[in-house]
Amino acid sequence: MNYNRFLNVTSLSRKPSPIRVLTGILQQAPPSTISMAGGRPNPSLFPINGVSISLSNGTKLDIEPNLVQKALQYSATPGLSEMLDWIKMLQKNIHNPPTLTSTDENQKLDMLVIPGSQDGLCKAFEAMISKKDNVLIEIPSYSGTLAIVKPIGSYYIGVDSDEHGLIPGKLKEALSKWSPEESKNPNSDIPKLLYCIPNGGNPTGHSLTLQRKEEIYRICQDYDLFLIEDDPYYYLQYDQPYIPSFLSMDVDGRVLRFDSFSKLLSSGMRVGVVTGPKAIVNRIALHMQASVMHTSGISQVLMFKVLENMGLEGFKDHVKTVANFYKSQRDACIKAANKHLTGLVEWNVPNSGMFLWMKLMGVSDSFQLITEKAREKEVLFVPGNAFMLDSEKPCPYVRASFSESSPEDMDKAFQRLAEVLIEAKNN
Ligand SMILES: Cc1ncc(COP(=O)(O)O)c(CNc2cc3ccccc3n(O)c2=O)c1O
């Protein structure tokens, strides 16, 4: 793989920050080393000298003082070693990426603890796309990603999805303007990047089948496309076994995978993971050196201690409990939709995640109904245009999240939505 093909001028011009290189040197230097190099604060002045965590299962975890001190101080950009080691074990166990054993310095698997996948995605796009590039994006798509990419000013080519996720035939159609050989021409405007949300799609709740993933990966190989796998809902697949990830089939090192602990352990701690070829992950690390330096040490150490306490099997049990919760929420949501919205709204039943994607029947644009009429009835949803490449175009869709509302409240919410739709029909 020629990874420079996928990196823009800004990213390729980034150099390791001298003070961040210093942090790495200091961590590897012999204990007898005296450093007067780094402008790090003297930790003896930090008011916090101990942290303990009480878990919902009644367990109390006292964090070792040396780990607290390490977490309170500046630390290495890739992540605290304890956290990185745990994540490497997890990714190997769950995805067993083919490039884990690669000896190619650029292709070999690398990982980075990021301050949430939102920040990681932002840095990845800021490294991999430029104005006027053609960029393939699954549509409808996560509004947070659209907020990242639209200001960059690339040409975005929407690739349609259905209840089984991104449609490979639509991807081929989007690429039909170019021949695969054009990917070898540095002056060609052939797309180089595909972004997709493979499980529990936001906003659709749809998940890619394994067969489609394998077909999409082959298309990426044929056209030398790099694939961003944004997968915060991987563990929110309701059924077992999990549909394997793109990372698990990535023999070329052309997948950059984003995992998030937001839907599993805590969203406020802002901890995610980016996994992929070192040549690309390193560029995100260099960007982090110049921006946030590293993910919060305290967030990492809290999360590490919870994960360490759970152990791998405990983590797997926990995420299954989480998935079962959202499955029961999905059931309550669909029950309420069947009761109040039949004949007014069309939907597919999601098999993962926390979203229901609803098409308002006989409505060309949901925006005013949702942002004004529904709000007057004290019920909130997100109008579908927020998830489209052109948010100015009328969109009959609405996203509902079934993550937080009780079954009773979902019933009331859909009753109120039904009133809005019936009143709109009668006017
Ligand atoms: C596909 C996809 N990729 C990345 C992310 C970001 O994950 P993180 O940075 O690791 O936490 C997300 C989070 N999605 C949302 C977040 C959110 C936060 C406050 C309020 C509303 C929010 N709504 O509506 C969301 O959809 C996502 O769905």
Side-chain angles (χ1 to χ4, degrees), residues 79 83 87 90-91 111-126 137-150 159 161 165-166 194-208 227-237 245-247 255-276 284 288 291-292 295-296 299-300 302-303 307 319 322-323 326 329-330 333 350 352-358 370-371 379-389 391 397-405 413:
M83 184 65 174
I87 285 166
L90 176 68
Q91 298 298 63
M111 273 162 243
L112 190 57
V113 182
I114 51 180
S117 43
Q118 183 74 36
D119 184 70
L121 285 163
C122 189
K123 290 182 166 65
F125 281 110
E126 288 175 350
I137 290 199
E138 173 184 356
I139 285 299
S141 200
Y142 167 45
S143 52
T145 294
L146 297 175
I148 295 169
V149 298
K150 284 184 177 177
V159 183
S161 61
L166 189 147
L194 168 65
Y195 167 78
C196 88
I197 307 167
N199 291 297
N202 184 351
T204 63
H206 301 152
S207 296
L208 266 174
L227 198 159
I228 291 186
E229 177 176 41
D230 180 12
D231 206 3
Y233 308 104
Y234 176 83
Y235 295 103
L236 270 56
Q237 298 179 61
S245 62
F246 281 114
L247 183 67
V255 173
L256 195 68
R257 175 181 172 81
F258 288 89
D259 283 279
S260 169
F261 287 105
S262 290
K263 319 299 180 184
L264 306 172
L265 298 176
S266 163
S267 46
M269 288 166 75
R270 307 307 299 127
V271 180
V273 182
V274 59
T275 310
I284 296 173
M288 276 183 74
S291 66
V292 70
T295 301
S296 156
S299 288
Q300 290 188 69
L302 289 179
M303 198 157 281
L307 292 168
V319 296
V322 172
Y326 286 115
Q329 287 286 101
R330 184 273 319 258
C333 178
S352 57
M354 51 177 68
F355 302 114
L356 182 67
W357 188 231
M358 304 187 287
I370 295 303
T371 55
V379 66
L380 300 180
F381 300 99
V382 185
N385 68 324
F387 306 97
M388 298 299 178
L389 282 174
S391 54
Y397 285 88
V398 174
R399 188 193 79 174
S401 169
F402 48 80
S403 61
E404 290 189 271
S405 302

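Numbers here are sequence positions counted from 1. Counting convention: from 1, in listed order, for ligands and their atoms alike.
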Checklist outcome for this item: Across all chains, not counting sequence neighbours, the salt bridge (Lys or Arg N to Asp or Glu O under 4.0 Å) partners of Glu229 are Arg257
Checklist entry - Would atom 1 (C) of ligand 1 count as contacted, meaning some protein heavy atom under 4.0 Å? => result yes
Checklist entry - For atom 3 (N) of ligand 1, what's the nearest protein heavy atom and its distance? => result Asp230 OD2, 2.7 Å
Next on the checklist: As an exercise, identify every atom of ligand 1 less than 4.0 angstrom from a heavy atom of Gly116.
Outcome noted: 9 (O), 10 (O)
Checklist entry - Would you call Asp259 and Gln91 a side-chain contact if the rule is heavy atoms closer than 4.5 Å? => result yes
Item to check | Side chain, backbone, both or neither: Tyr233 near ligand 1, heavy atoms under 4.0 Å | outcome: side chain
Next on the checklist: Run the ring pair (Phe, Tyr, Trp, His ring centres under 6.0 Å) test against Phe387 and tell me which residues pass, sequence neighbours left out.
Outcome noted: Trp357
Checklist entry - Taking atom 11 (O) of ligand 1 as the point of reference, which of Gly272, Gly120, Ser262, Gly200 owns the nearest heavy atom? => result Ser262
Checklist entry - When you measure from atom 12 (C) of ligand 1 to every protein heavy atom, which one gives the shortest distance, and what is it? => result Tyr142 CZ, 3.4 Å
Item to check | The one among Ile148, Asn202, Asn199 that brings a heavy atom closest to atom 25 (C) of ligand 1 | outcome: Asn202
Checklist entry - Among all protein non-hydrogen atoms, which one is nearest to atom 13 (C) of ligand 1, and what is the separation to 0.1 Å? => result Lys263 NZ, 3.4 Å
Next on the checklist: I need the atoms of ligand 1 closer than 4.0 Å to a non-hydrogen atom of Arg270, numbered in the order shown.
Outcome noted: 8 (P), 9 (O), 11 (O)
Checklist entry - Can the ring centres of Tyr326 and Tyr233 be said to be less than 6.0 Å apart? => result no
Item to check | Minimum-distance protein heavy atom relative to atom 23 (N) of ligand 1 | outcome: Arg399 NH2, 4.0 Å
